[in-house]
Protein chains: 2
Amino acid sequence: MRRVVQQRLLEIAIREFGVKGLEGASTRSIAAAADTAMSSITYHYGGKEGLYLAAADYIARQMGDHLAPALARGEVFDVTSPEGARATIKAALSSLTDKMISDESATWALFIVREQMRPTEAFERIYGGMMGRMLEKLTDLVCVATGSRDSCTIRIVTITLIGQVIALRASRASMLKLLERESIDAEAADLLKARIVANIDAILDRVISERQDLP
Amino acid sequence: MRRVVQQRLLEIAIREFGVKGLEGASTRSIAAAADTAMSSITYHYGGKEGLYLAAADYIARQMGDHLAPALARGEVFDVTSPEGARATIKAALSSLTDKMISDESATWALFIVREQMRPTEAFERIYGGMMGRMLEKLTDLVCVATGSRDSCTIRIVTITLIGQVIALRASRASMLKLLERESIDAEAADLLKARIVANIDAILDRVISERQDLP
DNA sequence: GTCTATACTACGATAGAC
DNA sequence: GTCTATCGTAGTATAGAC
């Protein structure tokens, strides 16, 4: 049962570093919450900073594991056709919406958002893992779905598409206030996903019509 | 020059609390960065927690000051007509986009996002100020622009509209990576705002057409 | 590999000088 | 109103027992 201690350590570290950042979090409380001695952090990760980077790597790995089925589900469709690409985008963002609504995501989401807003070396590890590949993949899909070539405009479209989903987590409390709810139940989740899918159609259709107007 | 010290204290507190959270930040370093003694925090705010809440109030006040011109600009239009309401939504979200892209917003944005994801009493103060009123106002505008009555669906539309803008800050590093830039220059900012305005049209038009299909 | 013990620094709160 | 001084606690790192 070697790795159990390290896994507990990493999961608690993600929560603690997420809330308090690298400097703010304490190895003492992380170790205590993981039911181990503080010096085991030194042993396994060389110190606080090593634990922080290990936590980032753990997030990158977990994201890969969680997102793989979402993208695999997309591969049911023919991603070389506009319709298939669009269906894949919808499936991927619906799946991501489920993740963003779920309580589990609260743990690592703060870690990632902090790195998004104040990037350190840890962000390179997270982005260099699954996240970067997923964004590039999504950009490709937007190209196919709209019949466009890769461009700054297309990438901005990609950003606004995924932005709707990210904001569900990044402005969660405001969203709950506006919806006058304590949490997102299954019914509200379905409404959210339906709206995001409808918005994807609306935005992609507009990009296509812009494309046909100009040249 | 009484208030200068307190203002410096608050602005530095927002930055420090934003990065490290209530527990993680240290009153010592906040006071040092503000060039004053730590005990002045005790004197003015009663302690660390008081400073945290004062920082939240300061953010709420600043948001009001910054957003007032944006909403006032909207009042050029007739907000009782669908066209005027739509134009106001576009103006407000364009202005908000400028804020989210600007470097100043990096300071208080992390404070707010942390409260969004792990709300404390401070969130009530921020939401109870300008933020809540602005979201309700935006919801009203979406109702007028689409000819709908207030509903869960309309509020979800509002969330996705503003979500695009919020994500610019909440996933900033990823966005910069995807755009292959170090920062957002004026040209990219214009492209972003144009896309967001186009998306607003696309989404609102779709809501209107959905409305006409059903009943 | 995991623990205890320890050295040293930094923390928040408070009392009291000015 | 702002400062210094000080107290008790909690922080990281490290050495060494098992």
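For the numbers below, each heavy atom of this structure counts, side chains included, while hydrogens, waters and symmetry mates do not. Lettering follows sequence order; numbering is per chain, from 1.
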Here the side-chain hydrogen bond (donor to acceptor under 3.5 Å, both in side chains) pairs for residues 172-182 of chain B, sequence neighbours left out, are A:Gln116-B:Ser174, A:Glu124-B:Lys177, B:Arg181-B:Asp185

What's the CD1-C1' distance between B:Ile41 and D:dC3, to the nearest Å? 14 Å

C:dG12 P sits how many Å from B:Leu9 CG, rounded? 13 Å

Distance check needed: C:dG1 P versus A:Gln7 CD, whole Å only. 17 Å

When you compare the side chain of B:Thr153 with that of B:Val207, does any pair of heavy atoms fall below 4.5 Å? no

Please list, for nucleotides 7-11 of chain C, all pairs of protein and nucleotide N/O atoms separated by less than 3.5 Å.
unit_1 : atom_1 : unit_2  : atom_2 : d
C:dC11 : OP1    : B:Ser26 : OG     : 3.0

Indicate yes or no: at least one non-hydrogen side-chain atom of A:Ile184 is less than 4.5 angstrom from one of A:Met175. yes

Ignoring backbone atoms, establish whether A:Ser39 has a side-chain N or O less than 4.0 Å from OP1 or OP2 of D:dT14. no

Sequence-distant partners of A:Thr27, side chain to side chain contact (heavy atoms under 4.5 Å, CB included), two or more places apart: A:Met38, A:Ile41, A:Lys48

Which pairs with one or both residues in residues 92-120 of chain B pass ring-ring contact (aromatic ring centres under 6.0 Å, His included), sequence neighbours excluded? B:Tyr52-B:Phe111

Roughly how many Å is it from CG in A:Leu51 to C1' in D:dA13, rounded to a whole number? 14 Å

For atom OH of A:Tyr45 and atom C1' of C:dT2, their distance in whole Å: 14 Å

From CG of B:Leu22 across to C1' of C:dG12 the rounded distance in Å is 12 Å

Taking distance alone, no hydrogens or angles, what donor-acceptor pairs closer than 3.5 Å link side-chain atoms of residues 29-37 of chain B to residues at least two apart or in another chain?
unit_1  : atom_1 : unit_2  : atom_2 : d
B:Ser29 : OG     : B:Ser26 : O      : 3.1
B:Ser29 : OG     : B:Ser26 : OG     : 2.8
B:Thr36 : OG1    : B:Ser40 : OG     : 3.2

Take the protein atom CD1 of A:Ile30 and the nucleotide atom P of C:dT2, then report the distance between them rounded to whole Å. 17 Å

Which one, C:dC3, C:dT14, D:dC3, comes nearest to the side chain of B:Ala37? D:dC3

Review item, side-chain donor-acceptor pairs of residues 131-140 of chain B, under 3.5 Å, at least two apart:
unit_1   : atom_1 : unit_2   : atom_2 : d
B:Glu136 : OE1    : B:Arg155 : NH2    : 3.2
B:Thr139 : OG1    : B:Leu135 : O      : 2.8

Return the nearest nucleotide to the side chain of A:Met38; candidates are D:dT2, D:dT4, D:dA13. D:dA13

For atom CZ of A:Phe17 and atom C1' of D:dG11, their distance in whole Å: 13 Å

Does OP1 or OP2 of D:dT2 have a side-chain N or O of B:Tyr43 closer than 4.0 Å? no

